[in-house]
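First comes the structure, then the notes that go with it.
The chains referred to below are lettered A, B, ... by the order of the sequence lines, with proteins before strands, and numbering in each begins at 1.
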Amino acid sequence: MHWLARQLLRLVAVLFCVTLVTFLIVNILPGDVTIVILGTLATPQDIAGLRADLGLDRPMLVRYFDWLGSALSGDLGRSYRNGEPVAQAIADRLPVSLELMVLAQLVALGIAIPVALLSVRKPGGWFDRISASAAFGFLAMPNFMLGIVLIYLFSVSFDLLPATGFSPLSDGLWDNLESMILPALTLGLIEWTVLMRVLRSDLLTTLKEDFILLARAKGLPPWRVLLQHALRPSSFTLITVLGLNIGGLIGGAVIVEQIFALPGVGRLLLGGIFNRDLILVQGTVSFIAAGFVIINFLVDMLYAVLDPRVRHVRFRN
Amino acid sequence: MTNKPLLSVRDARVGFTTVRGVVRAVDGVSFELAEGRTLGIVGESGSGKSVLVRSLIGLVSATTGVEVEGQVVFEGRDLRKLSPADFRRVLGSEIGIVFQDPMTSLNPVTKIGRQIGEGLRLNRGLDRAAADRRAVELLSEVGIPEPERRARQYPHELSGGMRQRVAIAIAIACAPKLLIADEPTTALDVTVQRQILDLLQREQRQRGMAMILITHDLGVAASRADDIMVMYAGRAVEAASTREIFRTPRMPYTEALLRSLPRLSDRTHTRLTAIPGRPPDLARRTGGCAFAPRCSYRTERCDAEQPMLTREGGHGFSCFHPLANGA
Ligand SMILES: Nc1ncnc2c1ncn2[C@@H]1O[C@H](COP(=O)(O)OP(=O)(O)OP(=O)(O)O)[C@@H](O)[C@H]1O
Ligand SMILES: [Mg+2]
């Protein structure tokens, strides 16, 4: 368990650095929230007064530690613009973003795993070649473009799915899913490509191993050899990439929420940036960074679940 | 010897298509194996021993093209003519195989008991509980202490020798009639090599299995095999009973091998010392005897013509200048 303690300590250190850097960056962003709030005609006295009210006249580091102290107790401050608590604003929008990312991952894995398994049945065969070309095609496509293509196909041409807008789960599962399908496809259709290539290449390596020959020698049919013997030992790079991709996925989600007008954390963040609502931006970015770090931590734990050798090294030594 | 053979291989050939041309790793090998007997296959590294036995059971793996030819009759059935499903049934229930390196031949993420029981469930129709129980019995049979605990462990928790015992347990789980052991001790500590060979021999006797034992080591072949086939450059160059091979080798290559063996009375597992020269490039075959460039009896004919395997009694050899019988 001492490995776990080390990991947690590292997690704390990373979070500290990330929030500090965010604070610095957010504070050197050009633009001024007071002008956004008071308009360009405000007098210097009004501006100074508002700055004092918001606490913006204090030195940056003082403000950072002040913010950090409250953040640790769950208080991320109140939006400069409308006074809404930032933590509440994030909590309200988080389910939308999480749902989007989980669905996108399911789409990506749901395509990547079967395609990789089918490709390695006959490397260099027609399926392998077609799927490789398809993967490169999707990979080369920017997500805003794919989003627009999907909207064009499914909403404009065939009117099957709504182009924009969001129905909460309380409207019913189908309404909710309907509004999420295109955004999730936009993200997933790009992500599966990387996952598939990585899994395919690891599968090919694994299939050369003696234990695969031994599994075949037991008389197992080819699909059982693939699923029961080759897949799990081949999934470690896949999981690493899955963890690393979370960053890209979050970035993609920010854009996709914008395209499909989904009220998620990404849209909250963009709104905050346009309005120079620094405290909102600070809170949202720190939250996203923390989420990224924590998910990677969980992914790391997943190795131990999948690979008994990792479990052995980590928890015995 | 006079029994009808369990396994009969006729003119086995394996060619790999590579960028350098076709590598004829196995080039027309024939042999027979009777029930309960042990055939030792010896030869230098790269002579095609592994490829030969893997081709018999359809396990030659290659990234590029492989061409496998010849006839393999096992228990009266032509294996190459069976449907894939029938072939898998024969393979799973009647042929067992032990690979060289027990570090790579067990699945690293599956519990040992499960790996042993898998074949039993598939080929013998045992349910999970029965297969688990049988796996524990097999572990104890191959000499693993605390079998219940070991069955729940993963391969990395066992030593190399133990893993090879597990591999043997997997190979014999379905009570096969033929066991193929491809250098089962090469990757192991000298101290456990003998134990593993003893275990193989004991299981073979108890179960009346036939065995193909591949080895680099003539000493091992001498003490464990009934018959020996010597391979060179993808061909069987001499085949006879173990006693014949050691008493009266006919093929100069075998003689050179024997000479390079320190002494028969030496402890086993002494590695072959090198014969001068190198085996030929299998992608660039010449018309003559493959061993000719390294042979001290070489004549013009040896370079021009490929000697066929000739039989004198039960003794086969392919050489134009065989050593005198009884020399
Ligand atoms: N997949 C492959 N593609 C091309 N050539 C191959 C392939 N597999 C084996 N060979 C070649 O076939 C020849 C015989 O290999 P094989 O592994 O049977 O030798 P071996 O007698 O078992 O040697 P060792 O004692 O080292 O195990 C070698 O020259 C090898 O390079
Ligand atoms: Mg070999």
Taking atom CD1 of A/I212 and atom CG of B/L59, what is their separation to the nearest 0.5 Å?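 The distance works out to 11.5 Å.
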From B/D101 CG over to A/E209 CD, what is the distance, rounded to the nearest 0.5 angstrom?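 Spacing of CG (B/D101) from CD (A/E209) equals 10.0 Å.
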Please name the pair of heavy atoms, one in A/L214 and one in B/I97, separated by the smallest distance, quoted to 0.1 Å.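 Looking at all heavy atoms of both residues, the closest pair is CD1-O, 3.7 Å.
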Exercise: identify the closest heavy-atom pair between A/F211 and B/L106: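 Closest approach of A/F211 to B/L106, heavy atoms only: CB-C, 3.5 Å.
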Residue A/P221 versus chain B: region with a heavy atom under 4.5 Å: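 Contact with chain B is through both the backbone and side chain of A/P221.
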With a 4.5 angstrom heavy-atom cut-off, is it the side chain or the backbone of A/L220 that approaches chain B, or both, or neither?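 Answer is both: backbone and side chain atoms of A/L220 are under 4.5 Å from chain B.
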Contact class of [X] relative to chain A, heavy atoms under 4.5 angstrom:
X      : result
B/L120 : neither
B/N107 : both
B/L122 : side chain
B/Q100 : neither

For chain A, which candidate among B/G119, B/S105, B/A85 shows the most heavy-atom pairs at distances under 4.5 Å?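 Of the candidates given, the most pairs with chain A belong to B/S105.
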Most chain A-contacting option - heavy-atom pairs closer than 4.5 Å, from B/Q115, B/Q153, B/R89: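 Ranked by contacts with chain A, first place is B/Q115.
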With a 6.0 Å cut-off (strictly less than), is the heavy-atom count around CZ of B/R207, excluding the residue itself, greater than 12?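 Result for CZ/B/R207: enclosed.
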Take atom CD of B/E67 as the centre, draw a 6.0 Å sphere, and report whether it contains more than 12 heavy atoms from other residues, nucleotides or ligands.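 Result for CD/B/E67: open.
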Contact winner vs chain B - A/H229, A/R224, A/Q228, heavy-atom pairs under 4.5 Å: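 Looking at each of A/H229, A/R224, A/Q228 in turn, A/H229 comes out on top.
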Name the option with the most non-hydrogen atom pairs under 4.5 Å to chain B; the candidates are A/G124, A/G219, A/P233, A/P222.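 The answer is A/G219.
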Is there a donor-acceptor pair under 3.5 Å between the side chain of A/R216 and the backbone N or O of B/G58?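 Yes.
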Only pairs at least two apart or in different chains count here, so list each salt bridge (charged side-chain N to carboxylate O under 4.0 Å, His left out) that has a residue in residues 110-123 of chain B.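 Sorted pair list: A/K218-B/E118, B/R114-B/D132.
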